[in-house]
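Notes follow once the structure below has been shown.
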2 protein chains.
Amino acid sequence: MYAMTNSASTAMRAPMAMRLQTAPAAPANVDPLDRLGAAAKFEKNRTIYFEGDEAEHCYRVKSGTVRLCKVTEDGRRQIAAFLTEGDLFGWTDHGFYGFSAEAVTDVTLEKFSRARVEEAAKASPALGRRVLTLLSTQLASAHDHLLLLGRMTAAERIASFLLDLVRRQHKGGSVALAMCRKDVADYLGLTVETVSRTMSALKRKGIISFAEPENVQLKQSGALERLAMAA
Amino acid sequence: MYAMTNSASTAMRAPMAMRLQTAPAAPANVDPLDRLGAAAKFEKNRTIYFEGDEAEHCYRVKSGTVRLCKVTEDGRRQIAAFLTEGDLFGWTDHGFYGFSAEAVTDVTLEKFSRARVEEAAKASPALGRRVLTLLSTQLASAHDHLLLLGRMTAAERIASFLLDLVRRQHKGGSVALAMCRKDVADYLGLTVETVSRTMSALKRKGIISFAEPENVQLKQSGALERLAMAA
DNA sequence: CGCCAGATTGATACACATCAATTCTCGTGG
DNA sequence: CCACGAGAATTGATGTGTATCAATCTGGCG
């Protein structure tokens, strides 16, 4: 779960709570989903499933990054989420996927049959609970993303995005962008040019720095946080 | 569930499914949530809970309309969803609400203690399943909403919004707007002025008509659907 | 009647999109 | 090893959709 939340808000909401990685009352430390999955691999830019496909399976990311996206007839694209390790996707209660899922990088996944998960959930409340947690976190992320798309300026969007990334890959002030500029643009509701210009501007101001486009250093996260603003 | 999906896509995904108001396979026709709730009422514009409040309860709408929203320091507001009969809200897996909930109209709600629902879900998989369905539908709606905010023009947003409303209140080509223009604007990521202008333009073209602002007739839903486009 | 909040309409400004070159990176083949 | 080409990123010049600022209009209510 997670799906790239923006603004400090999400982090704020879950100060020490953190995930409940283990089942509420599980004897061992086993995630209730672990036994049900089958391994699957996709290489960079492969489609995992298409919007409109019948939704027989859902997946969990083991490594790599996945994007959920939709393209309009005339080619406009929106990315709803970038998913990374631990995130569940493809769970829908209608018969069909609403968004396509594509591999941003080479990815390894666990693939679950919806029917089998449903079945197993009847016996194990912990399993249902687990899926519920994953979904509710994604919903919170989506809501934060709505604020970003509906009400934030380009600079604020970029700042929120970068801060989200550092939080998820807690490696100090350094961020590895798994996705290209176009992906970032389509996630943030901007154009590539605006993303590029805005990042260059932040660089000129000394707030961030980067030699290659895919590896960014946050020089003044304070300034970024001020931009991201949150609520 | 639902939360005002935009574009025809959601309706397409759930053509006749509609809500599942009653429990999936319950012996009687009892929703597993029904026994757990306590009645609650809020009048128009009252706050049900604030963003940041500890999330002890969740709610289901019995009648009226609720908005989920967040306001930035400098007063920009985004509405994440309008919720109506049957919709669940306030379920979060972090300790705190991420968005405020407010009554758009006078509303009657069922109020549930999170702790008690959790408890009951351990015994009844059907209950967990029920909540899961409600959340997953909301997540799908939120994703559609992201496409709307990230990539659609003002006219497309309005068209999608109106079509969503008719679908939910299936009363032919007539739509009752429970919310004021500002609410519509904050849901669609626009300003009141743009909403007003865009609706006037649609009216001039004979696509919609309205005498009072809160009661709209769809004269040519075909034209609206062409605008809404979907994927 | 007169007030006030909400809605509409008008004039102007601006943030971001669009169109158009470069520049950079890297894989490929001569 | 270097020339070449292609896709991605950056930078520049210009356009435009929507925001902003500013009246005016409308309907409900004290």
Side-chain angles (χ1 to χ4, degrees), chain A residues 43-45 67 72 74-79 104-105 148-162 175-205 208-216 227 229, chain B residues 44-45 67 72 74-79 104-106 148-162 175-205 208-216 227 229:
Chain A
E43 17 178 72
K44 184 166 172 165
N45 287 323
R67 60 175 173 256
T72 63
D74 60 349
R76 286 174 284 176
R77 185 176 72 151
Q78 179 63 42
I79 295 179
V104 173
T105 61
L148 183 145
L149 293 179
R151 292 303 186 208
M152 301 193 116
T153 65
E156 292 167 344
R157 295 181 203 203
I158 297 281
S160 299
F161 180 70
L162 291 175
V175 184
L177 290 294
M179 67 295 290
C180 66
R181 290 287 187 267
K182 183 71 165 65
D183 280 352
V184 175
D186 288 344
Y187 178 78
L188 297 179
L190 301 168
T191 59
V192 208
E193 294 93 330
T194 299
V195 170
S196 193
R197 268 189 259 275
T198 306
M199 296 207 37
S200 298
L202 289 175
K203 191 203 249 179
R204 260 194 311 277
K205 290 180 194 159
I208 64 176
S209 74
F210 53 96
E212 328 87 63
E214 55 278 354
N215 202 334
V216 178
L227 268 175
M229 242 198 2
Chain B
K44 184 166 171 165
N45 288 323
R67 62 176 173 255
T72 62
D74 59 349
R76 287 174 284 175
R77 185 177 72 153
Q78 179 64 42
I79 294 179
V104 173
T105 60
D106 290 356
L148 183 145
L149 292 179
R151 292 303 184 206
M152 303 194 111
T153 65
E156 292 167 344
R157 295 180 202 203
I158 296 281
S160 299
F161 179 69
L162 290 175
V175 185
L177 289 293
M179 67 295 290
C180 66
R181 291 287 187 267
K182 184 69 166 64
D183 281 351
V184 175
D186 288 344
Y187 179 78
L188 297 178
L190 302 168
T191 59
V192 207
E193 293 94 328
T194 299
V195 169
S196 192
R197 268 189 261 274
T198 306
M199 297 206 39
S200 299
L202 290 174
K203 190 203 248 180
R204 262 193 311 275
K205 290 180 194 158
I208 64 176
S209 76
F210 54 95
E212 331 85 61
E214 55 277 353
N215 204 333
V216 178
L227 268 176
M229 240 197 3

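Each chain gets a letter, A, B and so on, in the order its sequence line appears, and its residues count up from 1.
- Annotation for V216(A) and F210(A): closest pair CA-CB, 4.0 Å, computed over non-hydrogen atoms.
- To the nearest 0.5 Å, atom CG of residue L227(B) and atom CE of residue M152(B) are 9.0 Å apart.
- Remark: C1' of dT18(C) and CG of D74(A) are 15 Å apart, rounded to the nearest angstrom.
- In summary, R67(B) and D186(B) do not engage in a salt bridge, as defined by a charged side-chain N under 4.0 Å from a carboxylate O.
- T194(B) places no side-chain N or O within donor-acceptor distance of the main-chain N or O of L190(B), the cut-off being under 3.5 Å.
- Annotation for L148(B) and S160(B): closest pair CD1-CB, 3.8 Å, computed over non-hydrogen atoms.
- Atom CD1 in I158(B) sits about 10 Å away from atom P in dT18(D), given to the nearest Å.
- Using a cutoff of 4.0 Å between basic side-chain nitrogens and carboxylate oxygens, R76(B) and D74(B) are scored as salt-bridged.
- Between the C1' atom of dA7(C) and the CG atom of L190(B) lies a distance of 16 Å, rounded to the nearest Å.
- Atom CG of L177(B) is separated from atom P of dA7(C) by 9 Å (rounded to the nearest Å).
- Between atom CD1 of residue I79(B) and atom NZ of residue K182(B) there is a gap of 7.5 Å, rounded to the nearest 0.5 Å.
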- Note on the structure: Going 5' to 3' through nucleotides 7-17 of chain D and flagging B where a protein heavy-atom sits under 4.0 Å of the base, S where only the sugar-phosphate is that close, and - otherwise, we get --SBBBB----
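- The two residues M179(A) and F161(A) have their closest heavy-atom pair at SD-CZ, 4.0 Å.
- Atom pair R157(B):CZ and dA19(D):C1' shows a separation of 12 Å (rounding to whole Å applied).
- Relative to the axis of its first five pairs, the axis of the last five pairs of the helix from dC1(C)-dG30(D) to dG30(C)-dC1(D) sits at 20°, rounded to 10 degrees.
- One atom, CE of M152(A), and another, C1' of dA15(C), lie 16 Å apart when rounded to the nearest Å.
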